[in-house]
Each structure stands twice: as structure tokens, then as C-alpha cells.
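Everything on this sheet refers to the single structure shown next.
The residues of the chain are indexed from 1 along the displayed sequence. In this text the structure is predicted, and so the values were computed from the model without any measurement.
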Amino acid sequence: QRKNWQRYWLLDPIDGTGEFIIGSGDFAINIALVENGWPSIGVIHAPDHNLTYYAQNKLGSFKETEQQSTQIFVEKYHAERAIKVAISRRQHLELMSQYLNNTFEYEYIPYGSCSLKNCLIAEGLADCYLRIGPTGEWDTGASHCILEQAGGSIIDSEFKPLSYNKRETLMNPDFMSLGDTDFP
């Protein structure tokens, strides 16, 4: 039945459940509208940080705090600095680092939920996020729209754009979120 849906909402009431349970505050509420297999609207709210990210196709990405709403963009990568990698506090660094090219220098930025790590990239505070392990489309839909509208992308382990409602399951393959699409 789901394969025929042209439009549907993806909701994740607590992205970063582990962070919510331990009380770190690095969790978020994710809402995405998926149209024709692609997220067209994304809203992420991090209540403990009083922070909201939102985007709509062709209208850009924005970060809203109590003080202001500003448009956000990914940062272009410059070879003279370390690559800023957003990582999970719960993912073993050894597992992830085996996938990284050791000719580059890395700076690791530990953070909570999957969607908030993608938003770090969207606002230029990180360059990439490598996710190895289970996530669902509800974990990535909203942040995918936000990241893409800020100039970034999410690709699967086969280097193809992460897709929605195209697999028998709603689970994502391993993926990489990138800010600068010309990233080495």
C-alpha cells in the first residue's frame, strides 16, 4: 500500500531517544513532508536548546533561536584545515574511523541525535557525518531537506542519493551526510 503514496508525513517524536533518556538535551522532534520520494519540507525542533531548523524545497534552510531567524548554509571545505566530522556519542570511534581516509586530519564533534548532526553540517559547524548502523527514514527526512536546501547532501553506502519510500522497509542503509558536495 505504501509504495503508491505520492505524499506522506514522516514524524519522529523523539530523535535521539538515548540522549533524551540520559537527559543530555541533544534530542529533537522531526517532521518531514515527503513528496514523490523526496523530502520537500523539513522541521526539526530541539526543545532543550530552544532551537528550530526548517526548510522547504527551493526556499532555503533556516535556524531559529529565541533571538532571531537566519538562513543557514554549509561551509565550503578548505584543504588547509581538519575535516570536521560529526559523530555520535554512542558510536565507537574505531568503527567509524576505519571508513575515513587516513591522509586527512580530522576533528571529531560529538553530538546527540542524527537529525541534529545533519543540522550542524547545514549551518556550517561540521563537514560530514558518517552513519553506520540502523536508522529509519523518520530519522533523516526532515534533516535531509534542511541539509540539501543549505547546499549539502546525503548519500547512501553506494554513493547514491538517500531515497524515501523506495525500499520494502522504512529502514535506511548506512549513509554519509556531506556539507560541501565537492568534498574529497
Side-chain angles (χ1 to χ4, degrees), residues 7-35 38-57 59-75 84-91 96 108-156 161-165 169-179:
R7 175 182 295 145
Y8 62 98
W9 291 97
L10 277 175
L11 305 172
D12 189 352
I14 302 179
D15 181 37
T17 308
E19 299 296 327
F20 176 78
I21 290 170
I22 65 169
S24 79
D26 289 345
F27 68 93
I29 296 99
N30 300 344
I31 303 169
L33 177 63
V34 176
E35 296 182 292
W38 205 254
S40 62
I41 294 175
V43 178
I44 296 172
H45 181 65
D48 281 14
H49 298 293
N50 293 320
L51 180 63
T52 302
Y53 296 91
Y54 57 95
Q56 184 174 353
N57 279 349
L59 295 179
S61 293
F62 300 85
K63 175 183 177 179
E64 187 169 310
T65 63
E66 291 178 343
Q67 292 79 27
Q68 64 184 358
S69 180
T70 56
Q71 189 166 10
I72 58 175
F73 300 94
V74 301
E75 182 179 348
K84 297 177 282 185
V85 182
I87 60 170
S88 171
R89 288 191 183 101
R90 296 186 179 10
Q91 193 166 32
M96 195 197 56
Y108 297 102
I109 303 169
Y111 208 55
S113 80
C114 172
S115 62
L116 291 177
K117 285 189 279 289
N118 283 336
C119 288
L120 283 179
I121 299 167
E123 65 176 304
L125 299 176
D127 295 307
C128 65
Y129 165 49
L130 183 64
R131 178 57 192 222
I132 303 158
T135 60
E137 291 183 7
W138 53 88
D139 291 308
T140 56
S143 63
H144 194 164
C145 181
I146 292 164
L147 180 56
E148 188 173 79
Q149 293 305 303
S153 66
I154 301 179
I155 56 175
D156 67 19
L162 191 63
S163 63
Y164 295 83
N165 205 27
T169 177
L170 289 172
M171 299 307 291
N172 287 324
D174 294 342
F175 64 85
M176 186 178 350
S177 302
L178 301 169

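Looking at Ser113 and Glu19, their side chains never come closer than 4.5 Å, going by heavy atoms from C-beta outward. No side-chain heavy atom of Val85 sits under 4.5 Å from any side-chain heavy atom of Leu130. Annotation: side chain of Ile109 is not in contact with side chain of Leu125 (no heavy-atom distance under 4.5 Å). Within the 4.5 Å cutoff, the side chain of Tyr54 has no heavy atoms near those of the Cys145 side chain.
To the nearest 0.5 Å, atom CD1 of residue Ile146 and atom CD1 of residue Ile44 are 3.5 Å apart. Remark: Cys128 SG to Asn118 CG distance equals 11.0 Å, nearest 0.5 Å. Taking CG of Asp127 as the reference point, atom NZ of Lys84 lies at 5.5 Å (rounded to 0.5 Å). Note that the CD1 atom of Ile72 and the CG atom of Leu147 stand 9.0 Å from one another [nearest 0.5 Å]. Between Asn57 atom CG and Ile41 atom CD1 the span is 8.5 Å, to the nearest 0.5 Å. Rounding to the nearest 0.5 Å places CD1 of Ile154 at 11.5 Å from CE of Met176.
The one candidate from Asp156, Thr135, Ile155 that meets the side chain to side chain contact (heavy atoms under 4.5 Å, CB included) condition with Pro173 is Asp156. The only option from Phe175, Trp138, Tyr129, Trp38 that meets the ring pair (Phe, Tyr, Trp, His ring centres under 6.0 Å) definition with His144 turns out to be Trp38.
Across all non-hydrogen atoms, the minimal contact from Lys63 to Leu51 is CE-CD1, 3.3 Å. In terms of heavy-atom proximity, Ile14 sits nearest to Thr17 at O-OG1, 3.1 Å. Here the closest non-hydrogen pair linking Cys114 and Asp139 is SG-O, 3.9 Å.
At a cut-off of 3.5 Å, with distance as the only test, no side-chain donor of Ser115 or Asp12 sits close to an acceptor on the other residue. With 3.5 Å as the limit, one finds no donor-acceptor pair spanning the side chains of Gln149 and Ser61. In summary, the side chains of Tyr53 and Ser143 do not present any donor paired with an acceptor at a separation below 3.5 Å, with no hydrogens or angles considered.
A distance-only check finds a donor-acceptor pair linking the side chain of Asn172 to the backbone of Gly136 [under 3.5 Å]. Under the 3.5 Å distance criterion, the side-chain polar atoms of Asp174 are matched with a main-chain donor or acceptor of Gly133. The main-chain N or O of Asn30 is never found under 3.5 Å from a side-chain atom of His45 such that the two would form a donor-acceptor pair. The backbone N or O of Asn165 sits less than 3.5 Å from a side-chain atom of Glu137, completing a donor-acceptor pair.
The aromatic rings of His49 and Tyr111 sit parallel to each other, their planes meeting at less than 30°, with 60° as the upper class boundary.
Around atom OH of Tyr164, more than 12 heavy atoms belonging to other residues, nucleotides or ligands sit under 6.0 Å away.
For Glu35, the salt bridge (charged side-chain N to carboxylate O under 4.0 Å, His left out) criterion is met by Arg7, not counting sequence neighbours.
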